[in-house]
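All residue numbers in this chain count up from 1 along the given sequence.
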Amino acid sequence: MTTRERAHARANNQRAAQFTELWIVGPAEDLAVMIDAANRTGRLVFVSAPTPMGGDDTRHRRYLRLRTR
């Protein structure tokens with residue numbers, strides 16, 4: 001591996017380590033509280049629209065992308 005390839009790989013790893021991506025599942029009220037807390041800390045980068053779990057399950061699912069630093 002050349003020096004250039006090593007530097008490129010290191011830069012890609014550092015960019016990937018800047019964010020955490022996760023799915024949260026729960027009642028709409030609980031999700032709203034979690035998202036508000038992430039927004040107030042300045043870590044919230046992206047949040048998806050709520051998606052119902054389906055069937056008799058009344059919970060919702062949302063995708064979050066948060067800053068790690």
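Judged by distance alone, the side chain of Arg59 and the main-chain N or O of Pro52 form no donor-acceptor pair under 3.5 Å. In terms of modelled atom types and a separation under 3.5 Å, the side chain of Thr68 and the main chain of Gln18 share a donor-acceptor contact. Remark: side-chain polar atoms of Arg43 are not paired, donor with acceptor, to backbone N or O of Leu66 under 3.5 angstrom.
The salt bridge (Lys or Arg N to Asp or Glu O under 4.0 Å) pairs that include a residue from residues 26-37 are Asp36-Arg40, where partners are two or more places apart or lie in different chains.
Relative to the ring axis of Phe19, Arg65 places its NZ or CZ within 45° and under 6.0 Å from the centre.
Residues that satisfy the salt bridge (Lys or Arg N to Asp or Glu O under 4.0 Å) test with Arg61, not counting sequence neighbours, are absent from this structure.
Residues Met34 and Ile24 form a side-chain contact, since some pair of their non-hydrogen atoms from C-beta on lies under 4.5 Å apart.
Clustering ILVMFWY residues whenever any of their side-chain heavy atoms sit less than 4.5 angstrom apart, transitively, puts Leu31 in a cluster other than the one holding Trp23. Clustering ILVMFWY residues whenever any of their side-chain heavy atoms sit less than 4.5 angstrom apart, transitively, puts Ile35 in a cluster other than the one holding Phe46.
The nearest pair of heavy atoms linking Pro50 to His60 is CB-CD2, 3.9 Å.
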